[in-house]
Amino acid sequence: MMRGINHQNIFEDEEDNYQFINTLDRMRLRYDDEGNPCGSNCTYYAYCLMSNHFHLLIREREESVGETVKRIASSYVYYYNRKYGRDGHLFKERFKSEPVNDMAYFTVLLRYIHQNPVKAGIVERVKDYEYSSWGEFDGTVEPVFQICDTRTVLNRIPYKELEEWVNDPLDDDVQCLEIEKKVYSKPSDDQVWLQIKAQTGATNSATFQQLADEIKRNILRELKDSGASHRQLERLTGVGRGLIQKL
(Lines give C-alpha, C1' and ligand atoms only; values in the text may rest on other atoms or scores of the structure.)
Protein backbone atom coordinates (compact mmCIF):
# COMPACT_ATOMS: atom_id res chain seq x y z
CA MET A 1 0.00 0.00 0.00
CA MET A 2 1.19 3.51 -0.79
CA ARG A 3 -0.44 6.81 0.25
CA GLY A 4 -0.28 10.35 -0.99
CA ILE A 5 1.86 12.70 1.09
CA ASN A 6 -0.22 14.38 3.81
CA HIS A 7 -3.08 12.14 2.63
CA GLN A 8 -3.52 14.29 -0.48
CA ASN A 9 -5.23 12.88 -3.54
CA ILE A 10 -3.03 11.09 -6.03
CA PHE A 11 -5.83 10.44 -8.50
CA GLU A 12 -7.89 13.47 -9.50
CA ASP A 13 -9.79 12.19 -12.51
CA GLU A 14 -10.39 9.24 -14.81
CA GLU A 15 -7.26 9.96 -16.83
CA ASP A 16 -5.08 9.71 -13.71
CA ASN A 17 -6.51 6.33 -12.77
CA TYR A 18 -6.01 4.88 -16.21
CA GLN A 19 -2.53 6.38 -16.47
CA PHE A 20 -1.60 4.57 -13.25
CA ILE A 21 -3.07 1.27 -14.47
CA ASN A 22 -1.09 1.70 -17.71
CA THR A 23 2.02 2.30 -15.60
CA LEU A 24 1.38 -0.91 -13.68
CA ASP A 25 1.10 -2.73 -16.99
CA ARG A 26 4.39 -1.35 -18.33
CA MET A 27 6.38 -1.98 -15.15
CA ARG A 28 5.48 -5.66 -14.85
CA LEU A 29 7.51 -6.59 -17.95
CA ARG A 30 11.17 -6.39 -18.89
CA TYR A 31 12.18 -5.12 -22.32
CA ASP A 32 15.27 -5.61 -24.46
CA ASP A 33 17.19 -2.82 -26.20
CA GLU A 34 14.76 -2.93 -29.12
CA GLY A 35 11.73 -2.52 -26.89
CA ASN A 36 10.52 -6.11 -27.06
CA PRO A 37 9.25 -7.89 -23.90
CA CYS A 38 11.92 -10.29 -22.65
CA GLY A 39 10.95 -11.23 -19.11
CA SER A 40 8.80 -10.51 -16.10
CA ASN A 41 9.61 -8.11 -13.26
CA CYS A 42 6.59 -9.14 -11.21
CA THR A 43 3.12 -10.66 -11.22
CA TYR A 44 0.01 -8.81 -10.06
CA TYR A 45 -2.88 -10.66 -8.45
CA ALA A 46 -5.06 -7.70 -7.43
CA TYR A 47 -5.07 -3.92 -7.24
CA CYS A 48 -7.38 -1.10 -6.19
CA LEU A 49 -6.88 2.62 -6.72
CA MET A 50 -8.49 4.95 -4.18
CA SER A 51 -8.38 8.74 -4.25
CA ASN A 52 -5.32 9.11 -2.00
CA HIS A 53 -3.74 5.64 -1.96
CA PHE A 54 -3.49 2.34 -3.80
CA HIS A 55 -3.32 -1.34 -2.86
CA LEU A 56 -1.35 -3.89 -4.83
CA LEU A 57 -1.09 -7.65 -4.32
CA ILE A 58 2.16 -8.46 -6.07
CA ARG A 59 4.66 -11.30 -6.47
CA GLU A 60 8.24 -10.44 -7.25
CA ARG A 61 9.95 -12.15 -10.18
CA GLU A 62 13.17 -10.85 -11.73
CA GLU A 63 13.43 -7.80 -9.48
CA SER A 64 12.45 -7.05 -5.88
CA VAL A 65 9.07 -5.66 -4.91
CA GLY A 66 10.85 -2.53 -3.69
CA GLU A 67 12.44 -1.91 -7.08
CA THR A 68 9.17 -2.49 -8.93
CA VAL A 69 7.13 -0.18 -6.69
CA LYS A 70 9.84 2.49 -6.88
CA ARG A 71 9.70 2.47 -10.68
CA ILE A 72 5.88 2.54 -10.66
CA ALA A 73 5.84 5.50 -8.27
CA SER A 74 8.59 7.41 -10.08
CA SER A 75 6.90 7.06 -13.45
CA TYR A 76 3.52 8.14 -12.13
CA VAL A 77 4.92 11.09 -10.17
CA TYR A 78 6.62 12.35 -13.34
CA TYR A 79 3.28 12.21 -15.16
CA TYR A 80 1.31 13.76 -12.27
CA ASN A 81 3.70 16.64 -11.64
CA ARG A 82 3.90 17.50 -15.31
CA LYS A 83 0.11 17.41 -15.70
CA TYR A 84 -0.65 19.54 -12.64
CA GLY A 85 2.37 21.86 -12.83
CA ARG A 86 3.85 20.87 -9.51
CA ASP A 87 7.22 19.76 -8.12
CA GLY A 88 8.35 17.48 -5.34
CA HIS A 89 7.09 14.35 -3.64
CA LEU A 90 3.64 12.91 -4.22
CA PHE A 91 3.77 9.74 -2.10
CA LYS A 92 4.24 9.46 1.64
CA GLU A 93 7.66 8.02 2.45
CA ARG A 94 8.15 4.35 1.58
CA PHE A 95 5.32 2.00 0.68
CA LYS A 96 3.94 -0.36 3.33
CA SER A 97 4.32 -4.05 2.66
CA GLU A 98 4.23 -7.47 4.29
CA PRO A 99 4.67 -11.05 3.07
CA VAL A 100 1.77 -13.33 2.20
CA ASN A 101 2.69 -16.78 3.44
CA ASP A 102 -0.46 -18.84 2.98
CA MET A 103 -3.66 -19.09 0.98
CA ALA A 104 -5.80 -18.01 3.93
CA TYR A 105 -4.19 -14.58 4.09
CA PHE A 106 -4.04 -14.37 0.30
CA THR A 107 -7.84 -14.66 0.14
CA VAL A 108 -8.27 -12.13 2.95
CA LEU A 109 -6.21 -9.68 0.91
CA LEU A 110 -8.20 -10.34 -2.28
CA ARG A 111 -11.37 -9.53 -0.35
CA TYR A 112 -9.91 -6.56 1.51
CA ILE A 113 -8.46 -4.93 -1.60
CA HIS A 114 -11.62 -5.26 -3.67
CA GLN A 115 -13.91 -4.24 -0.81
CA ASN A 116 -12.09 -0.93 -0.22
CA PRO A 117 -14.47 1.18 -2.37
CA VAL A 118 -17.51 -0.41 -0.71
CA LYS A 119 -16.12 0.21 2.78
CA ALA A 120 -15.45 3.83 1.78
CA GLY A 121 -19.05 4.25 0.61
CA ILE A 122 -18.05 5.01 -2.98
CA VAL A 123 -20.09 2.15 -4.45
CA GLU A 124 -22.60 -0.35 -3.10
CA ARG A 125 -21.13 -3.41 -4.81
CA VAL A 126 -17.57 -4.51 -5.54
CA LYS A 127 -18.35 -4.98 -9.23
CA ASP A 128 -19.46 -1.34 -9.59
CA TYR A 129 -16.01 0.12 -8.94
CA GLU A 130 -14.10 0.91 -12.10
CA TYR A 131 -10.56 1.26 -10.80
CA SER A 132 -9.87 -2.14 -9.27
CA SER A 133 -8.91 -5.51 -10.70
CA TRP A 134 -12.28 -7.14 -10.00
CA GLY A 135 -13.38 -6.53 -13.58
CA GLU A 136 -10.55 -8.84 -14.65
CA PHE A 137 -11.96 -11.65 -12.50
CA ASP A 138 -15.60 -11.28 -13.55
CA GLY A 139 -14.77 -10.84 -17.24
CA THR A 140 -16.01 -7.27 -17.74
CA VAL A 141 -12.45 -6.20 -18.64
CA GLU A 142 -11.42 -7.66 -21.96
CA PRO A 143 -8.43 -10.05 -21.81
CA VAL A 144 -6.24 -7.74 -23.92
CA PHE A 145 -6.49 -5.07 -21.19
CA GLN A 146 -5.96 -7.38 -18.22
CA ILE A 147 -2.77 -7.00 -16.18
CA CYS A 148 -3.41 -9.44 -13.30
CA ASP A 149 -2.77 -13.17 -13.22
CA THR A 150 -6.39 -14.15 -12.61
CA ARG A 151 -5.94 -17.64 -14.05
CA THR A 152 -3.67 -18.77 -11.21
CA VAL A 153 -6.19 -17.54 -8.66
CA LEU A 154 -9.23 -19.03 -10.40
CA ASN A 155 -7.46 -22.37 -10.85
CA ARG A 156 -7.34 -22.62 -7.06
CA ILE A 157 -10.56 -20.83 -6.14
CA PRO A 158 -13.61 -21.37 -8.38
CA TYR A 159 -15.09 -18.07 -9.54
CA LYS A 160 -18.43 -18.58 -7.76
CA GLU A 161 -16.68 -19.12 -4.42
CA LEU A 162 -14.39 -16.16 -5.00
CA GLU A 163 -17.35 -13.96 -5.92
CA GLU A 164 -19.17 -14.96 -2.72
CA TRP A 165 -16.12 -14.19 -0.60
CA VAL A 166 -15.43 -10.86 -2.23
CA ASN A 167 -19.04 -9.78 -1.69
CA ASP A 168 -19.12 -11.02 1.91
CA PRO A 169 -17.99 -7.99 3.98
CA LEU A 170 -14.95 -8.46 6.15
CA ASP A 171 -15.24 -7.45 9.78
CA ASP A 172 -14.65 -3.75 10.37
CA ASP A 173 -11.63 -4.49 12.54
CA VAL A 174 -9.77 -6.23 9.70
CA GLN A 175 -7.01 -3.84 8.63
CA CYS A 176 -4.48 -5.47 6.34
CA LEU A 177 -0.85 -4.44 6.94
CA GLU A 178 -1.88 -3.78 10.55
CA ILE A 179 -3.32 -7.17 11.53
CA GLU A 180 -1.57 -8.74 14.51
CA LYS A 181 0.78 -11.33 13.07
CA LYS A 182 -0.29 -13.91 15.62
CA VAL A 183 -3.68 -14.13 13.92
CA TYR A 184 -1.98 -15.67 10.93
CA SER A 185 0.65 -17.69 12.74
CA LYS A 186 -0.12 -21.15 11.43
CA PRO A 187 -0.35 -23.88 14.12
CA SER A 188 1.35 -27.22 13.52
CA ASP A 189 -0.64 -30.34 12.64
CA ASP A 190 -0.04 -31.66 16.16
CA GLN A 191 -1.39 -28.46 17.69
CA VAL A 192 -4.50 -28.70 15.53
CA TRP A 193 -5.19 -32.25 16.64
CA LEU A 194 -4.53 -31.43 20.29
CA GLN A 195 -7.17 -28.72 20.09
CA ILE A 196 -9.63 -31.00 18.29
CA LYS A 197 -9.08 -33.83 20.76
CA ALA A 198 -9.39 -31.56 23.79
CA GLN A 199 -12.78 -30.23 22.64
CA THR A 200 -14.33 -33.18 20.82
CA GLY A 201 -12.40 -36.34 21.66
CA ALA A 202 -11.78 -37.05 17.97
CA THR A 203 -8.27 -38.24 17.12
CA ASN A 204 -8.45 -38.73 13.35
CA SER A 205 -10.41 -37.59 10.31
CA ALA A 206 -12.83 -40.53 10.43
CA THR A 207 -13.94 -39.87 14.02
CA PHE A 208 -14.02 -36.12 13.38
CA GLN A 209 -16.42 -36.53 10.47
CA GLN A 210 -18.80 -38.55 12.70
CA LEU A 211 -19.29 -35.54 14.99
CA ALA A 212 -22.46 -33.45 14.86
CA ASP A 213 -22.33 -30.79 12.15
CA GLU A 214 -22.59 -27.89 14.61
CA ILE A 215 -19.69 -29.23 16.69
CA LYS A 216 -17.55 -29.60 13.56
CA ARG A 217 -18.40 -26.09 12.41
CA ASN A 218 -17.57 -24.57 15.78
CA ILE A 219 -14.17 -26.23 16.12
CA LEU A 220 -13.27 -25.44 12.50
CA ARG A 221 -14.12 -21.78 13.10
CA GLU A 222 -11.92 -21.74 16.20
CA LEU A 223 -9.05 -23.37 14.32
CA LYS A 224 -9.33 -20.84 11.49
CA ASP A 225 -9.29 -18.01 14.03
CA SER A 226 -6.14 -19.47 15.55
CA GLY A 227 -4.41 -19.34 12.14
CA ALA A 228 -4.96 -22.81 10.64
CA SER A 229 -5.15 -22.61 6.85
CA HIS A 230 -8.02 -23.95 4.75
CA ARG A 231 -5.74 -26.47 3.08
CA GLN A 232 -4.39 -27.69 6.41
CA LEU A 233 -7.88 -28.18 7.87
CA GLU A 234 -9.08 -29.95 4.74
CA ARG A 235 -6.08 -32.28 4.78
CA LEU A 236 -6.35 -33.13 8.48
CA THR A 237 -10.11 -33.42 8.96
CA GLY A 238 -11.29 -34.57 5.54
CA VAL A 239 -13.88 -31.77 5.46
CA GLY A 240 -14.23 -30.18 2.01
CA ARG A 241 -12.52 -26.85 1.46
CA GLY A 242 -15.75 -25.27 0.21
CA LEU A 243 -17.42 -25.79 3.58
CA ILE A 244 -14.35 -24.61 5.48
CA GLN A 245 -14.13 -21.45 3.39
CA LYS A 246 -17.76 -20.54 4.10
CA LEU A 247 -17.43 -20.76 7.88
Side-chain angles (χ1 to χ4, degrees), residues 45-46 48 55 57 98-119 123-129 132-134 136-139 149-247:
Y45 293 114
C48 184
H55 294 272
L57 183 51
E98 65 181 13
V100 181
N101 294 317
D102 58 41
M103 199 62 183
Y105 192 33
F106 185 91
T107 54
V108 167
L109 284 169
L110 278 176
R111 294 171 66 192
Y112 179 81
I113 288 172
H114 289 119
Q115 287 178 18
N116 253 244
V118 178
K119 291 271 189 180
V123 294
E124 293 185 359
R125 301 174 300 179
V126 168
K127 69 178 184 178
D128 293 332
Y129 192 65
S132 82
S133 52
W134 184 248
E136 300 189 21
F137 286 92
D138 70 11
D149 181 6
T150 59
R151 180 177 297 180
T152 294
V153 177
L154 294 173
N155 281 344
R156 300 190 66 175
I157 310 171
Y159 172 74
K160 283 297 182 184
E161 288 187 18
L162 184 62
E163 183 183 34
E164 288 179 9
W165 283 353
V166 165
N167 287 290
D168 181 21
L170 287 163
D171 293 337
D172 290 336
D173 59 353
V174 174
Q175 296 292 325
C176 294
L177 295 176
E178 298 173 9
I179 298 175
E180 292 182 1
K181 297 300 187 291
K182 66 181 180 181
V183 173
Y184 293 101
S185 177
K186 181 179 175 181
S188 68
D189 290 357
D190 287 341
Q191 289 172 322
V192 168
W193 275 118
L194 283 172
Q195 188 170 342
I196 292 175
K197 182 179 180 181
Q199 296 194 41
T200 70
T203 57
N204 54 54
S205 61
T207 54
F208 182 83
Q209 291 179 38
Q210 293 173 5
L211 298 171
D213 288 344
E214 187 61 27
I215 293 175
K216 287 189 288 188
R217 285 195 291 267
N218 288 338
I219 186 63
L220 287 170
R221 286 192 192 99
E222 291 182 20
L223 289 165
K224 284 177 63 175
D225 289 342
S226 69
S229 70
H230 295 169
R231 177 184 293 180
Q232 182 184 29
L233 292 176
E234 178 186 32
R235 173 170 53 81
L236 294 177
T237 67
V239 175
R241 191 179 307 184
L243 175 60
I244 295 170
Q245 291 167 343
K246 292 176 182 178
L247 293 173

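Side-chain atoms of N167 come within 3.5 Å of backbone atoms of E163 as a donor-acceptor pair (strictly under, hydrogens ignored). The backbone N or O of K216 sits nowhere less than 3.5 Å from a side-chain atom of Q209 that would complete a donor-acceptor pair. Listed for the E161 side chain is no donor-acceptor partner under 3.5 Å among the backbone atoms of P158. Put simply, the side chain of K119 gets close to the backbone of L170: a donor and an acceptor are under 3.5 Å apart.
Atom CG in L243 sits 7.5 Å away from atom CZ in R217 (nearest 0.5 Å). For the atom pair CD1 of I113 and CG of L57, the computed distance is 5.0 Å after rounding to the nearest 0.5 Å. Interatomic distance, L154 CG to E136 CD, rounded to the nearest 0.5 Å: 11.0 Å. Residue Q232 holds its CD atom at 9.5 Å from CG of D102, rounded to the nearest 0.5 Å. The line from NZ of K197 to CG of D190 is 11.5 Å long, rounded to the nearest 0.5 Å.
Between I196 and W193 there is a side-chain heavy-atom pair separated by less than 4.5 Å. Between T237 and V192 there is no side-chain heavy-atom pair separated by less than 4.5 Å. Side-chain contact between W134 and D128 is absent, with no heavy atoms from C-beta onward closer than 4.5 Å. Looking at heavy atoms from C-beta onward, F208 lies out of side-chain contact with L236 at the 4.5 angstrom threshold. When side chains are defined from C-beta on, R231 does not count as touching M103, because their heavy atoms never get closer than 4.5 Å.
Here the closest non-hydrogen pair linking A46 and S133 is CA-OG, 3.2 Å. The shortest non-hydrogen separation linking Q191 to S188 is OE1-N, 2.7 Å. The two residues D138 and K127 make their nearest non-hydrogen contact at OD2-CB, 4.0 Å. Nearest heavy-atom pair, Q115 versus V166, reported as atom, atom and distance to 0.1 Å: NE2-O, 2.9 Å. Here the closest non-hydrogen pair linking N116 and C48 is CB-SG, 4.2 Å. Contact between V239 and I244 at its shortest, heavy atoms only, is O-CD1, 3.5 Å.
Within a 6.0 Å sphere centred on CZ of R235, other residues, nucleotides and ligands contribute more than 12 heavy atoms. Counted within 6.0 Å of CD on E124, heavy atoms from surrounding residues, nucleotides or ligands total 12 or fewer; the atom is thus considered open. The environment of R221 atom CZ is dense: over 12 non-hydrogen atoms of other residues, nucleotides or ligands sit within 6.0 angstrom.
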Please lay out, stage by stage, how V108 and Y105 fare under the test side chain to side chain contact (heavy atoms under 4.5 Å, CB included).
CA-CA 5 Å; V108 167; Y105 192 33; 4.0 Å; yes

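Among W165, F137, Y129, the single residue meeting the ring pair (Phe, Tyr, Trp, His ring centres under 6.0 Å) criterion with H114 is F137. Partner of L211 under the side chain to side chain contact (heavy atoms under 4.5 Å, CB included) criterion, chosen from I219, T200, N218: T200.
Checking N155 against T152 by side-chain atom types alone, no donor-acceptor pair falls below 3.5 Å.
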